[in-house]
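First up is the structure itself, then whatever we jot down about it.
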Amino acid sequence: MDTLSKETRYLRAKEKVQAEKGFYSNLTAYCIIIPMLAIFNYTTTGFVWVIFPAMGWGLGVVLHGMQVFGYNPFLGKNWEEKRLKEYMSKEG
């Protein structure tokens with residue numbers, strides 16, 4: 001039983017590490033590509049169109065980070081656990 005628990009914890013930890021790795025890859029790509037687009041934008045046109053991909057992708061990066069690191073300003077910390085305990089106490 002203890003081995004299964006360790007394996008389960010290992011798999012969950014591995015999933016979290018993979019999610020963080022994906023977030024950091026996304027953030028790194030954003031930090032490289034958006035400045036390149038900005039340079040291209042400023043050297044070719046007078047219209048500042050780079051703001052649109054920067055804001056759109058930036059919002060995606062922020063939401064990705066919130067999901068990966070478990071930040072949810074609407075439901076608060078440990079909301080899911082509290083609700084599970086509440087429902088379990090009502091049934092039992």
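None of these values were measured; they are calculated from a predicted model. No hydrogens, no waters, no symmetry mates; every other heavy atom, side chains included, goes into these values.
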Practice problem: List in chain and number order the residues that pass salt bridge (Lys or Arg N to Asp or Glu O under 4.0 Å) with Glu15, two or more places apart in sequence or in another chain; answer none if no residue qualifies. | Solution: none
Quiz item: Do NZ/NE/NH1/NH2 and the carboxylate oxygens of Lys16 and Glu20 come within less than 4.0 Å?
Solution: no
Self-check item: Qualifying side-chain hydrogen bond (donor to acceptor under 3.5 Å, both in side chains) pairs with a residue from residues 27-43, counting only residues at least two apart or across chains
Solution: Asn41-Thr45
Quiz prompt | Same apolar cluster: Ile39 and Ile34, side chain cutoff 4.5 Å | solution = no
Quiz prompt | Single-linkage hydrophobic cluster, 4.5 Å side-chain cutoff, Leu27 and Tyr71 together | solution = no
Quiz item: What's in the same ILVMFWY side-chain cluster as Met36, cut-off under 4.5 Å, chained through other members?
Solution: Ile32
All N/O donor-acceptor pairs, side-chain side in residues 55-70, below 3.5 Å, sequence neighbours left out:
unit_1	atom_1	unit_2	atom_2	d
Trp57	NE1	Asn26	OD1	2.9
His64	ND1	Asn26	ND2	3.2

Quiz item: How long is the span from the OG atom in Ser25 to the CD atom in Gln18, to the nearest 0.5 Å?
Solution: 9.5 Å
Quiz item: So how far is it from Lys14 NZ to Lys21 NZ, rounded to the nearest 0.5 Å?
Solution: 10.0 Å
